[in-house]
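Okay, so here's the structure we're looking at.
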Amino acid sequence: MKKLNKKFLTALLNKCNEIIPTYYEEALKKAQFPFGVIPTLTINPLNYGYQCLFDIELFVNELSDSCVEDLCDKLISGLDGYSYMDQDIGFYLMFDNQYLTKQTEQDFTMRKVSFVARIF
């Protein structure tokens, strides 16, 4: 299971980084806005494979030209229906929900987009 998690995370982050810089658990101190963070993974067994629920938290500061809602839309269109397969792991992603309540901390805004992955 441990290797499965690492392989899944590596492939997922590679795809997410094509859309927006994305980190697992926490962003680097030197991360530039806008960026995404996948804070946790919730993995449940299925009859064959696993189901993984995860959020991508998007952070945009007030100096950025990026609109956080546009970034949410880019993530949804880029990840919903995405499938991946190599010799070790396969998965596909589905959009689950979007949490658009504005959460403002000092000088940045955060939104959350949730996805479901089926890993096999």
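Using cut-offs of 30° and 60° for the angle between ring planes, the Tyr92 and Phe120 rings count as tilted.
Side-chain contact between Tyr82 and Phe115: absent, with no pair of heavy atoms (C-beta onward) separated by less than 4.5 Å. In this structure, Phe91 and Ser83 have side chains that are not in contact, with every pair of non-hydrogen atoms separated by 4.5 Å or more. For the pair Phe54 and Leu93, the minimum side-chain heavy-atom distance is below 4.5 Å. Contact annotation: the side chain of Met94 approaches that of Asp80 to within less than 4.5 Å [non-hydrogen atoms, C-beta and beyond]. A 4.5 Å side-chain heavy-atom check between Gln98 and Lys112 finds every atom pair outside the cut-off.
Among residue pairs with one or both ends in residues 9-19, those qualifying as salt bridge (Lys or Arg N to Asp or Glu O under 4.0 Å) are Lys15-Glu18; sequence neighbours excluded. Each salt bridge (Lys or Arg N to Asp or Glu O under 4.0 Å) pair with one or both residues in residues 85-97, not counting sequence neighbours, appears once here: Lys7-Asp88.
No continuous path of hydrophobic side-chain contacts links Val116 to Leu79 [ILVMFWY only; heavy atoms under 4.5 Å]. Leu46 and Leu4 are members of different hydrophobic clusters when ILVMFWY side chains are connected at heavy-atom separations under 4.5 Å.
At a threshold of 4.0 Å, the pair Arg111-Glu69 counts as salt-bridged, since one of the basic side-chain nitrogens sits closer than that to a carboxylate oxygen.
Thr10 meets the side chain to side chain contact (heavy atoms under 4.5 Å, CB included) test with Lys6, Asn14; sequence neighbours excluded. With sequence neighbours left out, Thr42 forms a side chain to side chain contact (heavy atoms under 4.5 Å, CB included) with Asn44, Leu53. Listed by chain and number, the residues in a side-chain hydrogen bond (donor to acceptor under 3.5 Å, both in side chains) with Ser114 are Asp55, Asn97 (sequence neighbours excluded).
One finds the CD1 atom of Ile19 at 7.5 Å from the CD1 atom of Ile56 (value rounded to the nearest 0.5 Å). Atom CG of Leu75 sits about 5.0 Å away from atom CG of Leu58, to the nearest 0.5 Å.
The minimum heavy-atom distance linking Leu71 with Ser66 is given by the pair CD1-CB, 4.0 Å.
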Scan the side chains in residues 20-38 for donor-acceptor partners under 3.5 Å anywhere in the protein, sequence neighbours excluded, and list what turns up.
residue, atom, partner, partner atom, Å
Thr22, OG1, Ile20, O, 2.7

